[in-house]
Amino acid sequence: MLAIARRTALGALLLLIMPLSTWVSGWQWQPGDSSLWLKFLFWMTETVTQPWGIITHVLLCAWFLWCLRFRLKAALTLFAILGIAILLGQWSKSLIKEQVQEPRPFVIWLEKTHAIPVDEFYTLKRKERSALVKAQLQHETKIPGWLRRHWQKETGFAFPSGHTMFAASWALLGVGLLWPRRRTWTIALLLVWATGVMGSRMLLGMHWPRDLAVATLISWLLVTLATWLAQRLCGPLTPPVEEKVEIDKREHDES
């Protein structure tokens with residue numbers, strides 16, 4: 001358990017560098033002109049947004065199962081553990097959001113520029129919030145259409161970030177489960193992807209840096225427990241002797 005906690009903690013620290021640095025710097029979100037970079041970040045967000053998030057989840061589950069190569073029963077158990085870990089993260093996110101009720105950055109901006117009081121905004125039902133955002137921004141040239149539509153869909157509370165929790169959980173599951181298999185490229189790509197998703201949430205006006213940081217810490221706790229359960233119920237995470245030969249060959253080819 002201690003070894004698992006250490007390596008997932010290292011992964012969490014890597015993910016925390018960006019939001020904590022942004023938080024300490026005092027950076028504040030402001031809407032900007034449409035750009036290719038912003039559109040790219042939007043597509044990073046979309047890999048986690050439904051329905052694409054389901055596809056991402058299934059693809060990552062399949063890849064993890066292939067990398068670990070457990071027998072059928074253990075593979076099914078692992079599939080369930082991965083699914084439960086992600087769902088628990090999303091459930092806890094929803095529970096905390098309703099308790100904290102922190103407004104999103106773009107909602108604060110609407111209050112300052114379009115005289116829509118934050119308190120009144122959140123007393124409306126979700127469909128009414130969406131309609132209000134659409135009506136207020138239909139002539140706003142500073143905000144691209146695709147971002148306005150995204151805001152219309154995402155009118156809930158900010159703290160913590162559910163997108164971050166999804167992406168960070170998968171990245172940390174990679175660290176927890178795949179590091180003994182030396183799947184360094186997979187782990188690196190997952191960490192970069194998760195950081196990209198986290199950055200997109202801030203730059204699109206959806207979250208504050210603290211939302212990302214707390215979501216990452218919650219993910220770390222859930223993933224550490226999930227990895228420990230996987231090791232207990234599915235078998236050792238270290239590769240069998242025959243697979244060590246393949247790993248040594250792969251590492252030799254990559255070096």
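Nothing fancy with the numbering, it's 1 onward along the sequence.
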Common cluster, [X]/[Y], ILVMFWY with side-chain heavy-atom separation under 4.5 Å:
X: Leu16; Y: Leu190; value: no
X: Ile17; Y: Trp208; value: yes
X: Leu172; Y: Leu20; value: no
X: Trp43; Y: Met206; value: yes
X: Trp228; Y: Ile81; value: yes

First locate atom [atom1] of [X], then atom [atom2] of [Y], and finally report the distance between them rounded to the nearest 0.5 Å.
X: Leu217; Y: Leu15; atom1: CG; atom2: CG; result: 10.0 Å
X: Thr22; Y: Arg210; atom1: OG1; atom2: CZ; result: 13.0 Å
X: Leu60; Y: Ser169; atom1: CG; atom2: OG; result: 11.5 Å

Do [X] and [Y] have side-chain heavy atoms sitting under 4.5 Å apart?
X: Lys39; Y: Trp146; value: yes
X: Ser200; Y: His163; value: no
X: Met18; Y: Leu212; value: yes
X: Thr164; Y: His207; value: no
X: Arg129; Y: Val107; value: no
X: Arg201; Y: Met198; value: no
X: Ile4; Y: Arg7; value: yes
X: Leu204; Y: Thr45; value: yes

Problem set entry | Tyr122, OH: over 12 other non-hydrogen atoms inside 6.0 angstrom |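 Enclosed.
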For this session: Test side chain to side chain donor-acceptor pair (under 3.5 Å) on Trp220 and Thr8 and set out the steps.
Result: CA-CA 7 Å; Trp220 172 68; Thr8 54; 3.0 Å; yes
Can you give me the closest heavy-atom contact between [X] and [Y], atom names plus distance?
X: Pro209; Y: Pro19; value: CB-O, 3.5 Å
X: Ala213; Y: Trp23; value: CB-CZ3, 4.4 Å
X: Ile108; Y: Pro103; value: CD1-CG, 3.7 Å
X: Ala171; Y: Leu191; value: CB-CD2, 4.0 Å
X: Pro180; Y: Gly176; value: CD-O, 4.0 Å

With distance as the sole test, does [X] use its side chain to make a donor-acceptor pair with the main-chain N or O of [Y] at under 3.5 Å?
X: Trp29; Y: Leu203; result: yes
X: Thr123; Y: Glu120; result: yes
X: Glu128; Y: Lys125; result: yes
X: Arg104; Y: Ala158; result: no
X: Lys97; Y: Gly156; result: no

Exercise. Taking atom types as modelled and ignoring hydrogens, do the side chains of Trp52 and Thr47 form a donor-acceptor contact shorter than 3.5 angstrom?
Worked result: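 No - no donor-acceptor pair under 3.5 Å links their side chains.
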Exercise. Side chains of Ser130 and Thr155: do they bring a donor and an acceptor to under 3.5 Å?
Worked result: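 Side chains of Ser130 and Thr155: no pair found under 3.5 Å.
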Tell me, please, which residues at least two apart from [X] pass side chain to side chain contact (heavy atoms under 4.5 Å, CB included).
X: Val192; result: none
X: Ile143; result: Pro31, Trp109, Glu140, Leu147, Arg148, Trp151
X: Glu98; result: Gln101, Phe157

For this session: Check the pair Trp193 / Thr56 against side chain to side chain contact (heavy atoms under 4.5 Å, CB included), numbers first and verdict last.
Result: CA-CA 12 Å; Trp193 167 67; Thr56 300; 4.0 Å; yes
Exercise. Under the side chain to side chain contact (heavy atoms under 4.5 Å, CB included) criterion, do Lys153 and Thr49 qualify, and how do the steps go?
Worked result: CA-CA 10 Å; Lys153 289 172 57 180; Thr49 306; 4.2 Å; yes
Report the hydrophobic cluster partners of [X], with the cluster defined as I, L, V, M, F, W, Y residues connected by side-chain heavy atoms closer than 4.5 angstrom, directly or transitively.
X: Leu88; answer: Ile84, Ile96, Val100, Phe159, Met165, Val214, Ile218, Leu222
X: Leu10; answer: none
X: Trp91; answer: Leu95

Problem set entry | Aromatic Trp185 / basic Arg183 pairing, under 6.0 angstrom, 45° off normal |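 Geometry flag: not set, cation outside 6.0 Å or 45°.
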Problem set entry | Leu178 and Leu68: CA distance, side-chain angles, deciding distance, side chain to side chain contact (heavy atoms under 4.5 Å, CB included) verdict | CA-CA 7 Å; Leu178 301 185; Leu68 293 167; 4.0 Å; yes
For this session: Tell me, with the steps shown, if Trp170 and His57 meet ring-ring contact (aromatic ring centres under 6.0 Å, His included).
Result: CA-CA 9 Å; Trp170 272 113; His57 177 80; 5.4 Å; yes
Problem set entry | Passing candidate, side chain to side chain contact (heavy atoms under 4.5 Å, CB included) with Leu78, options Leu229, Leu233, Leu177 |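 Option passing the side chain to side chain contact (heavy atoms under 4.5 Å, CB included) with Leu78: Leu177.
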